[in-house]
Amino acid sequence: LRRKNARFVICGNFPSRKEDLAMRFDTQQIDATVIRLLLRWAAGHKLCVGAVDIKTAFLHASLPSDMAVAVAPPKILTDLALTPPGEFWVLERALYGLRIAPRQWQAERDKVLTHMSWQLASIPGPAGHRHLVQSTVDPSLWLLRDGCSSDDVEPIGLVGTCVDDLLSAMQAEELAAFLAELAKHWSTSEPEVLLPGSGDTLKFLGITRDIITCNVPVLLSRLQSLH
């Protein structure tokens, strides 16, 4: 069976100029340099690279507490007798098309990633504890750390974020544990995993990527500057 899907999108360009000036809509996007860094770092350490997409991401984000948005449902719903004429909906979540939605989702995503923690099954105690630390230089880059290491130690893995897409580099067991923890918070697409030395490719942000050879000492010095 082929199921047809539809998505309701708000026409979010009606707020007044005064309302626009009082709000921020900018979001942090991963830089191409950071993507190359992550891939080459993975190649130098013979790590797996995984790409995953968070489904209906914006709908996980709430609107600001001081913001109320009422929208008219699409006319086709009235034509199909699914909603009565003149009905309006009051939004509880950051519906797609709302200009503040990407920034609200970014805040929700970063809050969840900051508080995520899990235990690696093969390593007991603090050494097997895992959590993510956001880079102070590039907020789209996250460093995977254990419960023992200091911040000046090279991370166990890296995670790059771009809206609802995540690209991660870590050992196979670490990657499986991270993706399992991620799935506890959000519904995700089927992860694409690139194994070291496989010669395969994966797509991230619509672009095909592969793991290539690299100058490891140079990349490690650049990674150190992103802590």
Side-chain angles (χ1 to χ4, degrees), residues 23-31 33-35 37-39 41-42 47-67 92-94 96 98 100-121 123-171 173-189 191 204-205 222-227:
M23 303 177 69
R24 290 185 59 184
F25 305 111
D26 58 300
T27 56
Q28 177 70 36
Q29 306 299 330
I30 192 169
D31 187 82
T33 303
V34 175
I35 296 177
L37 172 74
L38 186 149
L39 291 174
W41 185 76
L47 303 176
C48 297
V49 173
V52 69
D53 172 75
I54 298 169
K55 295 181 179 179
T56 59
F58 289 3
L59 299 185
H60 294 286
S62 301
L63 294 174
S65 58
D66 60 348
M67 182 179 186
E92 296 180 353
R93 297 286 177 172
Y96 285 81
L98 198 62
I100 199 174
R103 187 171 179 84
Q104 291 299 113
W105 159 245
Q106 177 179 277
E108 175 66 18
R109 180 201 65 203
D110 290 357
K111 180 180 71 174
V112 171
L113 293 180
T114 298
H115 291 94
M116 272 177 53
S117 65
W118 61 98
Q119 186 75 26
L120 201 64
I123 305 177
H129 176 80
R130 297 292 184 263
H131 65 280
L132 295 170
V133 177
Q134 192 170 24
S135 167
T136 57
V137 175
D138 188 333
S140 66
L141 183 67
W142 297 75
L143 287 66
L144 178 63
R145 297 202 174 278
D146 60 29
C148 299
S149 302
S150 59
D151 291 344
D152 57 352
V153 175
E154 188 177 355
I156 301 168
L158 297 176
V159 178
T161 59
C162 184
V163 192
D164 55 359
D165 292 286
L166 276 67
L167 185 69
S168 49
M170 51 193 77
Q171 295 285 356
E173 182 185 9
E174 300 279 6
L175 180 60
F178 167 65
L179 293 175
E181 181 64 26
L182 199 68
K184 293 179 182 178
H185 300 272
W186 301 304
S187 176
T188 68
S189 64
F204 181 65
L205 306 181
R222 291 180 181 174
L223 177 62
Q224 188 68 27
S225 68
L226 286 173
H227 284 196

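Sequence positions, counted from 1, serve as the residue numbers for this chain. A quick note: this is a predicted structure, and the numbers were derived from the prediction, not measured.
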| side-chain contact (heavy atoms from CB on, under 4.5 Å) partners of V163, counting only residues at least two apart | Q29, F58, W105
| message | Under the criterion side-chain contact (heavy atoms from CB on, under 4.5 Å), I'd like the reasoning laid out for I123 against R130: C-alpha separation, chi angles, the key distance, then a yes or no. | response | CA-CA 10 Å; I123 305 177; R130 297 292 184 263; 3.7 Å; yes
| request: Give a yes-or-no answer on whether the side chains of S62 and R93 include a donor-acceptor pair shorter than 3.5 Å. | output: yes
| note | From the list Q171, E173, H129, side chain to side chain contact (heavy atoms under 4.5 Å, CB included) partner of L120 resolves to E173
| task | For Q134 and P139, indicate whether the former's side chain and the latter's backbone hold a donor-acceptor pair under 3.5 Å. | result | yes
| Can you check whether S189 reaches V52 side chain to side chain, under 4.5 Å on heavy atoms? | yes
| task | Answer yes or no: is there a donor N or O on one side and an acceptor on the other, between the side chain of S187 and the main chain of K55, under 3.5 Å? | result | no
| task | Verify, without hydrogens or angle tests, whether T161 (side chain) and S140 (backbone) share a donor-acceptor contact under 3.5 angstrom. | result | yes
| remark: So CG of D146 and NE2 of H131: to nearest 0.5 Å the spacing works out to 7.5 Å
| field | A42 versus A169, closest heavy-atom pair with distance | value | CB-CB, 3.7 Å
| task | Would you sort out whether T33 and D138 count as a side-chain contact (heavy atoms from CB on, under 4.5 Å), showing the intermediate values? | result | CA-CA 11 Å; T33 303; D138 188 333; over 6 Å; no
| Pair W41, E154: side-chain N/O donor-acceptor within cut-off below 3.5 Å | yes
| request: Mark yes or no for whether Y96, through its side chain, and A57, through its backbone, hold a donor-acceptor pair below 3.5 Å. | output: yes
| message | Are the side chains of L179 and L175 in contact, using a 4.5 Å heavy-atom criterion? | response | yes
| request: Could you go through the side-chain contact (heavy atoms from CB on, under 4.5 Å) check for R145 and I156 one step at a time? | output: CA-CA 6 Å; R145 297 202 174 278; I156 301 168; 5.5 Å; no
| task | Taking all non-hydrogen atoms of both residues into account, name the closest pair between A51 and L167 and its distance. | result | CB-CD1, 4.1 Å
| If you measure from CG on L98 to CE on M67, what distance do you get to the nearest 0.5 Å? | 5.0 Å
| How long is the span from the OG1 atom in T136 to the CG atom in L141, to the nearest 0.5 Å? | 10.0 Å
| said: One pair to check against side-chain contact (heavy atoms from CB on, under 4.5 Å): L113 and H185. What are the steps and the verdict? | reply: CA-CA 10 Å; L113 293 180; H185 300 272; over 6 Å; no
